[in-house]
Amino acid sequence: MDIKRSFVKQLLQSTEFNKPVNVKGWVRTKRDNKQIAFVAINDGSTINNIQVVIDMTSFDENKFKLITTGSSLSVTGTLVQSMGKGQTVEIQAKEVEIYGTADPETYPLQKKGHTLEFLREIAHLRFRTNTFGAIFRIRHAMAFAIHKYFNDHGFYYLHTPIVTGSDAEGAGEMFHVTTLDMHKLPKSEDGKIDFSQDFFGRETNLTVSGQLEAELGATALSNVYTFGPTFRAENSNTPRHLAEFWMIEPEMAFYDITDDMDLAEDFLKYLISYALENCKDDLEFLNNMYDKELIERLNFVVNNKFERIDYTDAINILTQSDQKFEYPVKWGSDLQSEHERYLVEKYYKKPVMVTNYPKEIKAFYMKQNEDGKTVRAMDVLFPRIGEIIGGSQREEVYDKLVTRIKEMGIPEKEMWWYLETRKFGTVPHSGFGLGFERLILFVTGMLNIRDVIPFPRTPKNAEF
RNA sequence: UCCUCAGUAGCUCAGUUGGUUAGAGCACCUGACUGUUAAUCAGGGGGUCCUAGGUUCAAGUCCUAGCUGGGGAGCCA
């Protein structure tokens, strides 16, 4: 009997009863007595399990003992309407093949709730839980939706380098990339490490952003985006930071800051809508188990316009509020977490986009305003997670950009290729960076970023 | 990196003023039960009390240092 394997998801939706079917997957739970046994199987195609019914009067008892939580099976049988409550269809088993057993004394996942902290310590097995199945199906759906959105809007997916010779972006500490013998580093006469002997003949690092390279692509392809891994060697220990994370960075020629904000808002709303439409079962599970307001909050964000305010207005709102802040509010200082939370969660009670920040607290490449004090930066602030997007219109005027580079002490020589885009056919352009894991945090309602990436890289942690 | 809380059974935790043989629930194992669904009921096994020092007649409990984890902050996406 050779029957094509079906996914659990298909079988649960099927109405073709009394036909032979085959399902392969992992046992979640088992209940039994002398006459009959029920085995719940999951294969990752959906959060729901399919119930396999075994007639114990004719089943090998020793083999049955090996069917435990975590074991992997191939079940051939008949799809029937369920006689019991709780499910509509089930499989009457005829043949059960055991691929691999899972000793219940040592298999860490048993049929009980586990804390997310414990599951983080068994990251190789946590995929097998309802929670992480849901999270990673949603993560996939979001990655797919990102490519779909950009493809549908005339953007090109640009692969920017992971190993970079540029350290000018200034977005944090970088991981060095080298093939030099760390125990015998070649030194030049002045005692410095001689990187001319290194693999690339120069000092190289893992990228902290693909933005500068994306800008190069945008000056010919018009609309491009990157979506790849990004590395920050900061010693950050928070539920919102990773040393290795994924970032989406669209860059658009002929976009000003308003176009940039319009895109950011439309993009985020599209992605959240996509999740609501395509990840219903998983979102409902997370809503029930972790965050009773999750789906309500997602709908709210999709259906309401983001508030857009000037940095200066934000400072005024904060200054005039009765709220006591640990950090003083004053024009020229960056907004602290507590300030952002007040604006988003208390004052406006919806996503907020803040623009026109003081130039001193923002990056060198941002478009300078006529007032000489501010730049066309924009941050999108979300409830719970704070800054989800950071972007800006870019300075396209060669002289202004060079002046700023000198003021901020950035090595101008290394930036020659970036500066040439302003020398030859320069155009106004804009872009932003979206932290993929922060998006997934928001969409899943999870609270720790280590739970929305399969293998989190954080200080002192690269076990899996 | 700073502040703060925690680390006791596979998991989640309790453990009194420092005192004799360290407990519970769940999980697991055995048995009972004619369709269960976080099954139920009865019984059973299971401990490097994070590590290293120290105080004390006596330390899971007090002190010091370290390690690991959570929360908050900074840096940021």
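Throughout, a chain's letter reflects where its sequence line sits, starting with A, and its residues are numbered from 1.
Here A:M83 lies in heavy-atom contact (under 4.0 Å) with a base. Counting any heavy atom pair closer than 4.0 Å across all strands shown, A:P108 reaches no nucleic acid atom. Looking at heavy-atom distances under 4.0 Å, A:N448 makes contact with sugar-phosphate atoms alone, never a base. Residue-level contact check: A:L439 touches neither bases nor backbone, having no heavy atom under 4.0 Å from any strand. A:T238 comes within contact range of at least one nucleobase, with a heavy-atom separation under 4.0 Å. If you check every strand for non-hydrogen atoms under 4.0 Å, A:I388 touches sugar and phosphate atoms only.
A donor-acceptor contact under 3.5 Å is formed by the side chain of A:Q92 with the base of B:rG35. For A:S236 against B:rC75, a side-chain N or O and a base N or O form a donor-acceptor pair under 3.5 Å. Side chain A:E234 to base B:rU1: no donor-acceptor pair is found below 3.5 Å. A donor-acceptor contact under 3.5 angstrom links the side-chain atoms of A:H241 to the base of B:rC76. The base of B:rG35 is paired with the side chain of A:E90 by a donor and an acceptor separated by under 3.5 Å. Put simply, the side chain of A:Q87 and the base of B:rU36 share a donor and an acceptor less than 3.5 Å apart.
Between B:rC49 and B:rA59, the distance separating the two P atoms is 13 Å to the nearest Å. Between B:rC11 and B:rG46, the distance separating the two C1' atoms is 13 Å to the nearest Å. B:rG60 and B:rU8: their C1' atoms are spaced 7 Å apart (whole Å). A gap of 43 Å separates the P atoms of B:rU55 and B:rG44, to the nearest Å. Taking atom C1' on both nucleotides, B:rG45 is separated from B:rU61 by 28 Å, rounded to a whole Å. Of the P atoms belonging to B:rG71 and B:rC28, the separation is 29 Å, rounded to the nearest Å. Comparing the P positions of B:rC62 and B:rU20 gives an interatomic distance of 16 Å, to the nearest angstrom. Comparing the P positions of B:rU17 and B:rU12 gives a spacing of 26 Å, expressed to the nearest Å.
Between A:K367 and A:E396 there is a salt bridge, since at least one side-chain N of the basic residue sits less than 4.0 Å from a carboxylate O of the acidic one. Ion pairing between a basic and an acidic side chain is recognised when a charged N comes within 4.0 Å of a carboxylate O; A:R394 and A:E251 show such pairing.
Of all nucleotides present, only B:rU68 satisfies the Watson-Crick or G-U wobble test against B:rA6, with each distance under 3.5 Å. Base-pair partner of B:rU1: B:rA73 (Watson-Crick or G-U wobble, both distances under 3.5 Å). Nucleotide B:rA38 forms no Watson-Crick or G-U wobble pair with any nucleotide shown, as no partner meets the under 3.5 Å limit on both distances. For B:rU16, there is no paired base (Watson-Crick or G-U wobble, both distances below 3.5 Å).
Toward the 5′ end of RNA chain B lies the nearest nucleotide of A:K65, the other residue of the pair A:K65 and A:Q51 mapping further downstream. Mapped onto RNA chain B by nearest heavy atom, A:N461 and A:G435 fall at different nucleotides, with A:N461 at the one closer to the 5' end.
Between the CD atom of A:E121 and the C1' atom of B:rU68 there is a distance of 9 Å, rounded to whole Å. Distance A:Q110 CD to B:rA38 C1': 13 Å, rounded to the nearest Å. Nucleotide B:rA39 holds its P atom 16 Å from the CD1 atom of A:I36, rounded to whole Å. Atom CD of A:E340 is separated from atom P of B:rA77 by 11 Å (rounded to the nearest Å). For the pair A:Y107 OH and B:rA27 P, the computed distance is 16 Å after rounding to whole Å. Here the C1' atom of nucleotide B:rU36 and the CD1 atom of A:I54 are 13 Å apart, to the nearest Å. Summarising the geometry, the separation between CG on A:L119 and C1' on B:rU12 is reported as 12 Å, rounded to the nearest angstrom. Taking atom CZ of residue A:F118 and atom P of nucleotide B:rA9, one finds them 12 Å apart after rounding to whole Å.
With its ring centre under 5.5 Å from that of the base six-membered ring and a plane angle below 30°, A:F245 counts as stacked on B:rA77.
Dashed line: the shortest gap from a side-chain N or O of A:K34 to OP1 or OP2 of B:rU34 is not under 4.0 Å. The phosphate of B:rA38 has neither OP1 nor OP2 within less than 4.0 Å of any side-chain N or O from A:T29. The phosphate of B:rU12 (OP1 or OP2) has a side-chain N or O of A:T115 nearer than 4.0 angstrom. Contact annotation: A:R438 does not reach the phosphate of B:rA77 (side-chain N/O to OP1 or OP2, under 4.0 Å). Contact annotation: A:N237 side-chain N/O to B:rG69 OP1/OP2 distance is not under 4.0 Å. Taking 4.0 angstrom as the limit, A:R450 places a side-chain polar atom (N or O) nearer than this to OP1 or OP2 of B:rG70. Using a 4.0 Å cut-off, some side-chain N or O of A:Q336 falls inside it from OP1 or OP2 of B:rG74. A sub-4.0 Å separation between OP1 or OP2 of B:rG35 and a side-chain N or O of A:N33 is present.
Without hydrogens or angle criteria, A:R232 side chain to A:V208 main chain gives a donor-acceptor distance under 3.5 Å.
Across A:A141 and A:Y274, no two heavy atoms sit closer than the pair O-CE2, 3.7 Å.
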Begin from the C-alpha positions of A:H429 and A:Q393 and carry the test side-chain hydrogen bond (donor to acceptor under 3.5 Å, both in side chains) through to its verdict.
CA-CA 6 Å; A:H429 63 290; A:Q393 186 171 337; over 6 Å; no
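For OH of A:Y347, the number of neighbouring non-hydrogen atoms (other residues, nucleotides, ligands) closer than 6.0 Å is 12 at most.
For A:K373 and A:Y357, the positive end is not near the middle of the six-membered ring at less than 6.0 Å and at most 45° from its axis.
Side-chain rings of A:F436 and A:F227 approach one another, their centers coming within less than 6.0 Å.
Residue A:H124 is tested with A:F132, A:F455, A:F464 for a ring pair (Phe, Tyr, Trp, His ring centres under 6.0 Å); the sole match is A:F464.
Listed nucleotides B:rA73, B:rG35, B:rG69 differ in distance to A:R120; the shortest reach to its side chain belongs to B:rG69.
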